[in-house]
Amino acid sequence: MSGFAEASAPFVGQPLTVLDTARFLPENRRRLSAPGLRTFLTIADRWGLSEEQRRLILGYPSRSTYHHWAKLAREHGAFTLDADVLTRISAVLGIHQALGVLFGSEADGVAWLRGPHDALVFGGRPPLALVTSGTQDGLMIVRRFLDAARGGLYMAPNAADAAFLPYGDDELVFT
């Protein structure tokens, strides 16, 4: 289920896609909170993030709140994060997944996150600077950039695909 539903649109008879608000119900957020935060903490460890960076990614909860969440998550306790924090965690999971697809090793993906990047959106800074800027927008910019890269835009190919030559028109056969 994508989290979206169709509703009738007031124009040209086209269905209008609207967000399924059931995903924000407390029971759904509660179900996702502990496993989501546990996964976030594992990724943050792998990326070598400081506590400050982790808190910035999560929307800058107080230290005591962050440690309380982490303790409950590690103990498989029950708690409910708000939609903003879960969205931020989802963005981190997407970034991590995209790095796994784009790079041959986790170390290469982390190096890309930490190294300067000359794409206009990064302005010569490391993508991790946007990820840890404290804004949901920073996370989503990096997520969208990597999703576009997975589609073949913006980035040079990884080592496995570096020698690939694009197909020419004469090689395409339609039957």
Side-chain angles (χ1 to χ4, degrees), residues 1-7 16-115 117 121-122 125-151 154-155 158:
M1 182 167 162
S2 69
F4 289 90
E6 288 188 6
L16 175 66
T17 303
V18 291
L19 188 63
D20 178 8
T21 57
R23 69 187 332 183
F24 300 109
L25 292 173
E27 59 267 21
N28 286 329
R29 291 184 292 113
R30 184 178 189 89
R31 179 179 53 81
L32 296 170
S33 292
L37 190 63
R38 273 193 306 278
T39 306
F40 167 78
L41 293 170
T42 299
I43 292 168
D45 288 344
R46 291 179 174 185
W47 290 357
L49 300 181
S50 69
E51 178 185 303
E52 180 82 0
Q53 289 172 315
R54 294 166 193 232
R55 289 175 51 222
L56 282 163
I57 289 171
L58 295 173
Y60 214 63
S62 69
R63 288 188 76 237
S64 61
T65 296
Y66 168 77
H67 286 288
H68 179 68
W69 289 346
K71 180 180 186 297
L72 287 173
R74 287 186 179 114
E75 294 173 351
H76 295 262
F79 61 101
T80 305
L81 296 172
D82 66 33
D84 176 69
V85 176
L86 287 169
T87 300
R88 291 165 178 270
I89 290 172
S90 176
V92 169
L93 299 180
I95 290 167
H96 182 72
Q97 178 187 29
L99 291 172
V101 169
L102 291 167
F103 294 96
S105 74
E106 189 169 19
D108 289 343
V110 173
W112 180 87
L113 268 178
R114 293 185 165 280
H117 202 289
V121 71
F122 301 121
R125 294 183 314 256
L128 190 59
L130 271 177
V131 170
T132 61
S133 68
T135 66
Q136 194 181 99
D137 193 43
L139 285 160
M140 297 310 294
I141 287 169
V142 176
R143 167 84 193 261
R144 288 184 193 113
F145 183 90
L146 288 168
D147 285 346
R150 287 174 54 194
Y154 302 122
M155 292 176 63
N158 63 29

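Everything quoted here is computed from the prediction, not taken from an experiment.
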Write down the atom of [X], the atom of [Y], and the distance for their closest heavy-atom approach.
X	Y	result
Pro26	Thr80	O-CG2, 3.9 Å
Gly138	Ser133	CA-OG, 4.1 Å
Ala98	Arg150	CB-CD, 3.5 Å
Ala83	Phe24	CB-CD2, 3.5 Å
Ala73	Ala34	CB-O, 3.9 Å
Pro127	Gly115	CD-O, 3.3 Å

*Starting from the C-alpha separation in whole Å, work towards a yes-or-no answer on side-chain contact (heavy atoms from CB on, under 4.5 Å) for Val110 and Phe103.*
CA-CA 9 Å; Val110 173; Phe103 294 96; over 6 Å; no
Between the side chain of [X] and the main-chain N/O of [Y], is any donor-acceptor distance below 3.5 Å?
X	Y	answer
Arg54	Leu49	yes
Ser33	Arg29	yes
Arg55	Pro61	yes
Arg114	Trp47	yes
Arg88	Ile57	yes

*Does NE2 in His68 sit with more than 12 non-hydrogen atoms of other residues, nucleotides or ligands closer than 6.0 Å?*
no
Distance from [X] atom [atom1] to [Y] atom [atom2], nearest 0.5 Å?
X	Y	atom1	atom2	answer
Arg30	Leu25	CZ	CG	14.0 Å
Leu102	Gln97	CG	CD	10.0 Å
Thr132	Leu58	OG1	CG	12.0 Å
Phe122	Leu128	CZ	CG	10.5 Å
Ile95	Met140	CD1	CE	8.0 Å
Leu41	Leu37	CG	CG	4.5 Å

*Would Thr39 and His96 satisfy side-chain contact (heavy atoms from CB on, under 4.5 Å), going step by step from the backbone distance to the final call?*
CA-CA 10 Å; Thr39 306; His96 182 72; over 6 Å; no
*With Ile89 as reference, evaluate Thr87, Val92, Val85 under the side-chain contact (heavy atoms from CB on, under 4.5 Å) test and give the passing residue.*
Val85
*asked:* So if I apply the side-chain contact (heavy atoms from CB on, under 4.5 Å) rule between Leu99 and each of Ile43, Leu113, Asp108, which one comes out positive?
replied: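 Of the listed options, the one satisfying the test is Leu113.
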_Side-chain heavy atoms of Arg144 within contact of Val121, under 4.5 Å_ = no
*Quick check, are the ring centers of Phe145 and His117 under 6.0 angstrom apart?*
yes
